[in-house]
Amino acid sequence: MIQIKLKGDVIREYEPGTTVADVAKSLGAGLFKAACAGKADGKVVDLRTPLTESCALSILTFDDEEGRKAYWHTSSHILAQAVLRKIPGAKFAIGPAIDSGFYYDFDLPAPLSPEDLAGIEDEMKRIIKEDVLIERFTLTPDEAVRLMEEYGQPYKVELIREHAGKGEPISFYRQGDFTDLCAGPHLLSTGCIKAVKLLSATGAYWRGDASKAMLQRIYGVTFPKASALEEHLTRLEEAKKRDHNLLGRQLGFFTTNELVGQGLPLLMPKGARVIQTLQRFVEDEEEKRGYLLTKTPLLAKSDLYKLSGHWGHYKDGMFVLGDEEKEGEEVFALRPMTCPFQYMIYKADMHSYRDLPLRYGETSTLFRNEASGEMHGLIRVRQFTISEGHLICTPEQLESEFAGVVDLIKFMMRTIGIEEDISYRFSKWDPNDTEKYIGTKEMWDETQRDMRRILDRLGIDYTEEEGEAAFYGPKLDIQMKNVHGKEDTIITVQIDHSLAERFDMTYVDQNGEKKYPYIIHRTSIGCYERTLAMLIEKYAGALPLWLCPEQARILPLSDRFQDSAQGIRDKLRAAGIKAEVDMRSEKVGYKIREAQLEKVPYMLILGDKELESGTVSVRSRKEGDMGTKTPEEFIAMARAQIDSKAID
RNA sequence: GCUUCCGUGGCUCAGUUGGUAGAGCAGCGCAUUCGUAAUGCGCAGGUCGUCGGUUCGAGUCCGACCGGGAGCUCCA
């Protein structure tokens, strides 16, 4: 007998060879029905796995992340089986579970129409109803290749050939007429899936490589209960309503124009005001922290970028002015970053170790010629303005300067209220990508070791990603997901031990020797356009009071009150509160409705009652009627909120 | 850049098998002067993204380009 330690440290004895499914069954019919996979001594296992030795076992259900992954992975196989039935000649690539469901990539003879998708979804429901048994079996690599060649599946053959070297048997899962190469785990039968929805069909490159074939990807999601699917779909709909690309336009924050061009949003008065508020806040805070403001040109001769390495590594991403081919013509380029400009400021003087650290900050407008399919609202644009900065320091100062930058960033994130929504990524180079990166392996090993040590000491909880570094150094990227679940970098901090030498930036140390300093590239709040986009989505347009482009709107009950309304508006403005009056001859209900839709934080209603008592009726966008206050009381309340940068 | 879907007045959309455009909101005018999410009436507004093709005739069919959405790739 073997001893299995279950939930709550309960130990039960089983015959050796008992499967995970058997154990689940012995614990209860309900658990067996809900079981998606098992976890034996911390390792995720298939329900079919026979237990040969004593271990700690937990049964994973849809409520566990790993159980959910197995559930969705099985769903992707059902999708593939449905495609096989509906589209003869379909070739299968890969079909994993993802955080929000699953997808499967296919090579199909014709593009998928929405009707095709509906037909495939119906077929999936049929397969589920048939409750097809799912079986696991293994083959040697040679047998596996032969089987997949027989099925006419070249992508699977390619995958098997790659695995073959490991000398392990290749596992397959078969459900009726469909057999797929797969490591598992999987549910026991197709009937375990209850509610299905196919969400979209799009393109995706084989192996994520743009030089390889474009496949068709179908995204879907499934749940054990129809109501859970409904809720999920409702959530997706709700999320779309927060989309900054929609809401930001509705609220009059920005617009785009065909004649102006792709990726070139026009910030309208309200959006421009929000960004101005953020920018003033950032510049003031940086000044307090010892940053030196610079203002450098938006373009430079190509020679500067040749020196920085951008001409070699980043030319496709730059807007180049002038014709390189023409003899003797000067060629310029709009700047894609601020680095070399601030370096030239550093180089304008001789520096002693006593001068360091030097912290340069600039509200910097950058231009990047992104490929046409990359642009998205305010998140990915061709011209943007970033709180850019470079810290020049000695090796001894690197850690404390880095810590200072992280402290500033955390302060910014806390202030705008997104501290809980971000994650940290340690972005490293890819040693095999010689095209992309400059510098030696020793240099990379050293700076990455330095950065890791600093991150660990700062207690930052980060993930690691290879091949995401800047071409000159590793990065700490601060990531945030947009409303569609897509992650973007909003802030980045980089350690650079390579460009100082390239630019011959030196300082004189205690011994009178010239040394190359470390450079920290950083932004404190990111680029304003992208940060604004994230704020719109985070707050569904209802920004914290201090950031609102219109903080109070006075609503005179009838035309008779217009003069006094303007008087109150002027009082508020004098107190630094952004106030307007709705002068239209409309009913107050109508004015309130509009102000609510425009997310104006406070509405001040003015009629006979208020005029007599020298007050206004205050309505908050969030709490509704707040009763009457004198203008002075309202100003005091609003100012307190604004000055503390309160997050509602 | 790639795959796919889409493009009708400022916005949201309708427009049947090709027969030369319609609604609501917004705007403007008039009336109304109103108490916490839409007052009524009227007026004006579109060479149907652009260019080319098929056709007696194109918003409707075809192509190219421009722009937008989703995904992929890319993102110093």
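Nothing here was measured: the structure is a model prediction, and the numbers come from that model. The figures here come from the full heavy-atom set of this structure, side chains too, leaving out hydrogens, waters and symmetry mates. Per chain, numbering begins at 1; letters A, B, ... match sequence-line order.
Closest to the A/R380 side chain, of the nucleotides B/C74, B/U36, B/G27, is B/C74. Comparing B/C2, B/G35, B/A70 against the side chain of A/M214 picks out B/C2 as the nearest. Here B/G71 is the nucleotide among B/U73, B/G71, B/A37 with the atom lying nearest to any side-chain atom of A/H484. Proximity note for A/S585 (side chain, C-beta onward) versus B/U32, B/U39, B/G35: the nearest is B/U32. Here B/A70 is the nucleotide among B/U36, B/A70, B/C72 with the atom lying nearest to any side-chain atom of A/D243.
Ring centers of A/F367 and A/F319: at least 6.0 Å apart, outside the cut-off. Between A/Y104 and A/F102, the distance separating the two ring centers is not shorter than 6.0 angstrom. Taking the six-membered ring for Trp and the full ring otherwise, the centers of A/Y346 and A/H390 sit at least 6.0 Å from each other.
Under 4.0 angstrom from either OP1 or OP2 of B/C25 there lies no side-chain N or O belonging to A/Y590. A close approach under 4.0 Å does not occur between any side-chain nitrogen or oxygen of A/N257 and OP1 or OP2 of B/G67. For A/Q262, a side-chain nitrogen or oxygen approaches OP1 or OP2 of B/G68 to under 4.0 Å. Residue A/Y103 places none of its side-chain N or O atoms closer than 4.0 Å to OP1 or OP2 of B/A70.
Pair assignment for B/A37: none, as no Watson-Crick or G-U wobble contacts are both less than 3.5 Å. Within the shown strands, nothing qualifies as a pairing partner of B/U16 under the Watson-Crick or G-U definition with both distances less than 3.5 Å. The partner of B/U50 is B/A64, by the rule that a Watson-Crick or G-U pair needs both atom distances under 3.5 Å. Across all strands shown, B/G71 pairs with B/C2; the Watson-Crick or G-U wobble distances both stay below 3.5 Å. Across all strands shown, B/G24 forms a Watson-Crick or G-U wobble pair with B/C11, both key distances being under 3.5 Å.
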Interface polar pairs with nucleotides 7-9 of chain B, N/O, under 3.5 angstrom:
none

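Atom-to-atom, NZ of A/K591 to P of B/A38 comes out at 14 Å; the value is rounded to the nearest Å.
Side-chain atoms of A/R530 come within 3.5 Å of backbone N or O of A/I379 as a donor-acceptor pair. Put simply, the side chain of A/H313 never gets that close to the backbone of A/F471: no donor and acceptor are under 3.5 Å apart.
A heavy atom closer than 4.0 Å to some atom of RNA chain B occurs in A/S558, A/D559, A/R560, these being the qualifying members of residues 558-569 of chain A. Residues from residues 198-206 of chain A placing a heavy atom under 4.0 Å of any atom in RNA chain B, listed by number, are A/T202, A/G203, A/A204, A/Y205.
A donor and an acceptor atom, one from each side chain of A/E388 and A/T523, are nowhere located under 3.5 Å apart.
For NZ of A/K306, the number of neighbouring non-hydrogen atoms (other residues, nucleotides, ligands) closer than 6.0 Å is greater than 12.
Separation of the P atoms belonging to B/U47 and B/G22 is 15 Å when rounded to the nearest angstrom. B/G49 and B/G69 have their C1' atoms separated by 16 Å, given to the nearest Å. One P atom belongs to B/C5, the other to B/G63, and the distance between them is 11 Å to the nearest Å.
Considering every non-hydrogen atom in both A/A239 and A/V483, the closest pair reads O-CG2, 2.9 Å.
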**Message:** Run A/L597 and A/E594 through side chain to side chain contact (heavy atoms under 4.5 Å, CB included) and show every step you take.
**Reply:** CA-CA 5 Å; A/L597 291 173; A/E594 293 226 322; 5.8 Å; no

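Atom CD in A/E465 sits 9.0 Å away from atom CD in A/Q479 (nearest 0.5 Å).
Cation-pi check for A/R335 over A/F341 is met; the charged atom lies under 6.0 angstrom from the ring centroid and within 45 degrees of its normal.
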